[in-house]
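Notes follow once the structure below has been shown.
Convention: sequence-line order gives letters A, B, ...; per-chain numbering from 1.
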Number of protein chains: 2
Amino acid sequence: MLQDNAIVKHMAVPGQHYGAAESAKDHTIRLKADETIYSEGEYAFAIYQVEAGAVRIYRLTPSGQRYILSFCGKGEWFGLETGNVRTDFAEAVCDARITPFRANRNAVVPVDLLNIALTNLAKAQHKQLVITEQSALKRVAAFVHEMADGHPGDCEFDMMMSRSDIADYLGITVETVARCFTKLREKRILCLKGRLQRVVRLLDRDALISLTI
Amino acid sequence: MLQDNAIVKHMAVPGQHYGAAESAKDHTIRLKADETIYSEGEYAFAIYQVEAGAVRIYRLTPSGQRYILSFCGKGEWFGLETGNVRTDFAEAVCDARITPFRANRNAVVPVDLLNIALTNLAKAQHKQLVITEQSALKRVAAFVHEMADGHPGDCEFDMMMSRSDIADYLGITVETVARCFTKLREKRILCLKGRLQRVVRLLDRDALISLTI
DNA sequence: CGGGCCTTTGATCCTCGTCAATGACAGTGG
DNA sequence: CCACTGTCATTGACGAGGATCAAAGGCCCG
């Protein structure tokens, strides 16, 4: 397994951290909203760190349904796979900047891959809990909570994702997402602003959290 | 993050494979059904490989709901965490044998932690797809499919898990699980045997797979 | 024989998916 | 400037699927 993995084969040198010897860090890439970073089936030659904006990682089911596995915000890593072929798609949610880390010949990778893998595993497990156990309202509340965590100390922030993104992330429909946001508004837990209603002003963080439990 | 992780700190030496220098492999542990391996909050000092039987990894929500993150069968690894404290529980599903790999002082770990982490991540992502996108019948079909994959070439096998285990794994109720098994029987996709109806005889593998799509 | 555990089945309620329509806003072309 | 179109969010009506509550049957064990 490991031997077949292009990224891991060349890059797996944990213990080395950013700034190590010969860096495999490339220049930052600037992306427009919805721009594709990589697609399923492509050869995986790099992992990425988000510098600004957000990225969605998703799969398409045989029936064409999109399922968003995760959103990656500032500082988060994506693109680390088991094999050397992409199993999912990566796109910019909005205008974004990302930094690729390629496997150069003999280059030491300045990142801790194990730590990235474990962090992403923990993220995936947490999402399992959210999705499985909870009602639509709780899922949306958990999503808002997750977004709020990405903006610590800020009671107003832009989610950037469309209702459709949120729906495909939480495994519910756009209509249900909209209804849940309406309920959160009615409960005076948040306000929505902006033309697309994607800017959240958090009114009652405690009530939000208590919903997710 | 990495520095706080007892397991990773001492064991993270990928590139070294089984059989390397000074092994941290311990003796096999024999477990009775439902025996606890570790609990949430405990200090994490080892990872484990399943030799025989099956193990369930689960969390308890604040409301006391059990949510099973994964079942680990023969050959699979569990217990690799981001931090040095257990975030979940591990129990034997049935009588089982597991091998712990501890962090000895200066011991080289004979396993590839990154590979384990990535495999578990892929498992978690696949489970997200199953749980999110599909109806109860599809979830149960996917579960049976997963179990069947653990017994390649065998059209009859023991699932070992109770209906309650399956329910908590798939995020549905016991009653729904039972109804779905009834439907699968009615569709002549499988038979159930044994006192507890946990032995599956697969009659139509193709039909089962086509259900999960 | 009686009690406990597990599974199954039935009846009812409620949440969410589906279908349909509306409104707000941006961009385009006349 | 205005009509037209497209996109996105919201809301309503309806129906299906699963949760919940309740009960019964099989099997093991005391």
Select from Ser164(B) and Gln134(A) the residue whose nearest nucleotide in DNA chain C is closer to the 5' end of that strand. Ser164(B)

Rounded to whole Å, NZ of Lys138(A) lies from C1' of dA19(D) at a distance of 13 Å

So if I take residues 173-187 of chain B and measure heavy-atom distances to DNA chain C, which residues fall below 4.0 Å? Glu175(B), Ala178(B), Arg179(B), Thr182(B), Arg185(B)

Can you check whether Lys187(A) reaches Leu137(A) side chain to side chain, under 4.5 Å on heavy atoms? yes

Distance-minimising heavy-atom pair for Gly75(A) and Gln49(A): O-NE2, 3.1 Å

Specify the separation, in whole Å, of atom CZ of Arg139(A) and atom C1' of dT15(C). 11 Å

Rounded to whole angstroms, how far apart are CD1 on Ile172(B) and C1' on dA19(D)? 11 Å

Look only at the side chain of Lys127(A) and the backbone of Tyr169(A), and say whether a donor-acceptor pair between them is shorter than 3.5 Å. yes

Just how far, in rounded Å, is P of dA19(D) from CG of Leu137(B)? 13 Å

Where is the tightest heavy-atom contact between Ala46(B) and Arg86(B), given as atom of each residue plus distance? O-NH2, 2.6 Å

Candidates Leu60(B), Thr36(B), Ile37(B) - the one meeting side chain to side chain contact (heavy atoms under 4.5 Å, CB included) with Phe89(B): Leu60(B)

Check residues 195-204 of chain A and write down every donor-acceptor pair under 3.5 Å in which the side-chain atom is one partner and the other belongs to a residue at least two apart or another chain.
from: Arg198(A); atom 1: NH1; to: Met160(A); atom 2: O; distance (Å): 3.4
from: Arg201(A); atom 1: NH1; to: Glu156(A); atom 2: OE1; distance (Å): 2.5
from: Asp204(A); atom 1: OD1; to: Asp206(A); atom 2: N; distance (Å): 3.4
from: Asp204(A); atom 1: OD1; to: Ala207(A); atom 2: N; distance (Å): 3.0

Kindly give the atom pairs (protein nitrogen or oxygen, nucleotide nitrogen or oxygen) under 3.5 Å for nucleotides 26-30 of chain D.
none

Rounded to whole Å, the CG-P distance (Leu192(B) to dT7(C)) equals 11 Å

Think Arg198(A) has a side-chain N or O under 4.0 angstrom from the OP1 or OP2 of dA9(D)? yes

Can you tell me how the ring of Phe157(A) sits relative to the ring of His151(A), calling it parallel under 30°, perpendicular over 60° and tilted otherwise? parallel

So Leu184(A) and Leu211(A), do their side chains get closer than 4.5 Å, heavy atoms only? yes

Rounding to an integer number of Å, can you tell me how far Met161(A) CE sits from dC8(D) C1'? 17 Å

How are the rings of Tyr48(A) and Phe78(A) set relative to one another: parallel (under 30°), tilted (30 to 60°) or perpendicular (over 60°)? parallel

In whole angstroms, the gap separating C1' of dT10(D) from CZ of Arg163(A) amounts to 9 Å

Return the value, rounded to whole Å, for the distance between atom CE of Met159(A) and atom C1' of dC8(D). 13 Å

